[in-house]
Amino acid sequence: MGPAAPLEPLRPPLQRRRQVGSGAGTRRSAMQPRPGSRRRHPALPPLLLPALLLACAPPAGRAQEVQAENVTVAEGSTAEITCRLHHYDGSIVVIQNPARQTLFFNGTRALKDERFQLAEFTQRQVRIQLAGARLEDEGGYFCQLYTEDTHHQIATLTVLVPPESPVVEAAGAAVEGAEVELSCLVPRSRPPATLRWLRDRRELQGVSSREQLGKVFRLRNVLRFRVERKDHGAIVTCEATHPALRGQRRQTQYMLDVQYAPSVRLHPSQSVLREGDTLVLTCAVTGNPRPTEIAWSRANESLPGRARAEGEVLTLPALSPLDNGTYSCAAANRHGRAAAHYSLVVYDPGAVVAAQSSVPYAIVGGILALLVFLVICVLIAMVWCSIRQKGSYLTHEASGLDEHGEAREAFLNGADGHKRKEEFFI
């Protein structure tokens, strides 16, 4: 035995940890002598030494000491950053933000940012939560394990900006027969959202454009099409889709406001008017914008003094033949003017009643006359057919006699039993 080896000085705790780096460092084997030690070991057989070294070597899985996972979160949501620990032996764990500021040191808060909270610190993993994630929070978060060689992994945080509900605007008024231009706008989105137009579940083709403003994108889709009066009140929808919406859609509906010239129709309260009746004329007006003023008039004359014009309704009480004439209502807006006319004929009570009572008898008389005419036609046809048939028989007999050139003989039996011979020539 040689002289005793000097005592090895104590190392700081951090230096007695395993080396990490690329994962190649291991603990010093119990069979490995310390530097400066003169301890002797018994000689081992040549075949046993390789087997013993393999048995004492640490497993390959012990090389990875810390592992981080990338995170994607929508703006304003809560992000979770996780650092998984493998074979943790109590070394110091530090988590830093992309600016290399220490957030937590072995479970202790180091940065005064209340949005970061330590959710879990165990032998297996460290998990922190970031509330209300913003674009400036993006970047790599460092999970560091301090051993003899510092080992770290980076968890990349990506913040998505989902689109808000699109804003739909019209460039000017939509006029019948003209083209309307609609624009769908999404001010902020990351990555760029997809915009499309729909009408009655049918897609309409627009023109898309985008503009990058820092880390976000401004999206616009412009739709142009011709409109008619029937398109007034139709619904056109702008729809935005985005990965952060997880299959959902943001939609904004726009109702078409198509402007067109007015149209007018007149409706009388009754069809036959007698002297003393009251006539109510209603002027049915359509148009966009709707005409607010209705003008009543009578052709070549002024309205009767007792006539009352109240907007779309004209009332004529106690009618007389003096009220006869053509009445008109007219309406106009910025796109045109229209008018409708009604001819008023006032009858005296007797004439109207006679005309009304004679109508059924006239109808019945007409039907009877038609039936008589049909019967006469049938009789004439029957007589004509009969005469034609007899004429054909006589003609046939006469043609037979001419053909043979003989006289037809008729034998008549007399009352006295003697036969009498007579000759008839046809």
Side-chain angles (χ1 to χ4, degrees), residues 170 172-178 180 199-200 226-236 253-370:
V175 181
E176 180 183 18
V180 64
R199 179 178 176 182
D200 299 330
R226 188 174 300 276
V227 292
E228 301 297 337
R229 184 175 305 197
K230 63 182 180 180
D231 297 323
H232 180 66
I235 301 296
V236 181
Q253 293 183 339
Y254 181 83
M255 179 180 292
L256 291 175
D257 182 20
V258 181
Q259 299 186 3
Y260 51 91
S263 61
V264 179
R265 296 185 65 183
L266 268 176
H267 301 285
S269 56
Q270 59 194 77
S271 58
V272 178
L273 295 168
R274 300 176 301 176
E275 188 174 356
D277 288 347
T278 298
L279 171 64
V280 178
L281 287 176
T282 302
C283 186
V285 180
T286 60
N288 187 32
R290 185 176 179 82
T292 57
E293 295 185 4
I294 306 297
W296 290 95
S297 62
R298 182 166 62 160
N300 301 325
E301 297 183 69
S302 60
L303 293 176
R306 63 185 180 281
R308 298 193 307 269
E310 299 173 345
E312 299 179 357
V313 178
L314 176 66
T315 304
L316 290 172
L319 290 174
S320 70
L322 297 177
D323 298 327
N324 290 344
T326 301
Y327 290 79
S328 303
C329 74
N333 62 13
R334 68 173 67 102
H335 301 292
R337 177 183 177 86
H341 310 283
Y342 173 76
S343 295
L344 173 62
V345 177
V346 179
Y347 299 95
D348 63 82
V352 173
V353 171
Q356 291 178 346
S357 61
S358 65
V359 170
Y361 295 106
I363 295 176
V364 173
I367 294 175
L368 291 176
L370 179 61

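Bear in mind the structure is a predicted one, so any value in this text is a computation, not a measurement.
- Side chain of D257 to backbone of A174: no donor-acceptor contact under 3.5 angstrom is found.
- Of all non-hydrogen atoms in V236 and R199, the two that sit nearest each other are CG2-CD, 4.3 Å.
- With values rounded to the nearest 0.5 angstrom, T326 atom OG1 is found 8.5 Å from H341 atom NE2.
- With rounding to the nearest 0.5 Å, the separation of NZ in K230 from CG in L256 is 12.5 Å.
- Here the side chains of V264 and C329 are in contact, with some heavy-atom distance below 4.5 Å.
- A261 approaches H335 most closely through the heavy-atom pair CB-O, 3.5 Å.
- Within a 6.0 Å radius of CD in E293, other residues, nucleotides and ligands contribute 12 heavy atoms or fewer.
- Rounding to the nearest 0.5 Å gives a distance of 13.0 Å between CG of D231 and CE of M255.
- Remark: the backbone N or O of T286 is not paired with any side-chain donor or acceptor of R265 at under 3.5 angstrom.
- W296 approaches A309 most closely through the heavy-atom pair CD1-CB, 3.7 Å.
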Kindly determine whether L316 and Y327 satisfy side chain to side chain contact (heavy atoms under 4.5 Å, CB included), including the steps that lead there.
CA-CA 11 Å; L316 290 172; Y327 290 79; 3.7 Å; yes

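- Residues P262 and A338 approach most closely at O-CB, 3.3 Å, considering heavy atoms.
- The backbone N or O of V258 sits less than 3.5 Å from a side-chain atom of H232, completing a donor-acceptor pair.
- To the nearest 0.5 Å, atoms OG1 (T292) and CZ (R290) are separated by 10.0 Å.
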Show, in sequence, the C-alpha distance, side-chain angles and deciding distance for S320 and V346, and conclude whether the side chain to side chain contact (heavy atoms under 4.5 Å, CB included) test is met.
CA-CA 6 Å; S320 70; V346 179; 5.7 Å; no

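- In this structure, CD1 in I294 is found 11.5 Å from OG1 in T282, a value given to the nearest 0.5 Å.
- One distance of note links OH of Y347 with CG of N324; it measures 9.0 Å at 0.5 Å rounding.
- Nearest heavy atoms, A318 versus T278: N-OG1, 4.0 Å.
- For residues 315-339, the set of pairs meeting the salt bridge (Lys or Arg N to Asp or Glu O under 4.0 Å) definition, not counting sequence neighbours, comprises R306-D323.
- Closest of all the heavy-atom pairs between L273 and Y342 is CD1-OH, 3.8 Å.
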Before giving the answer on side chain to side chain contact (heavy atoms under 4.5 Å, CB included), spell out for C283 and L314 the whole-Å C-alpha distance, their side-chain angles and the decisive distance to 0.1 Å.
CA-CA 8 Å; C283 186; L314 176 66; over 6 Å; no

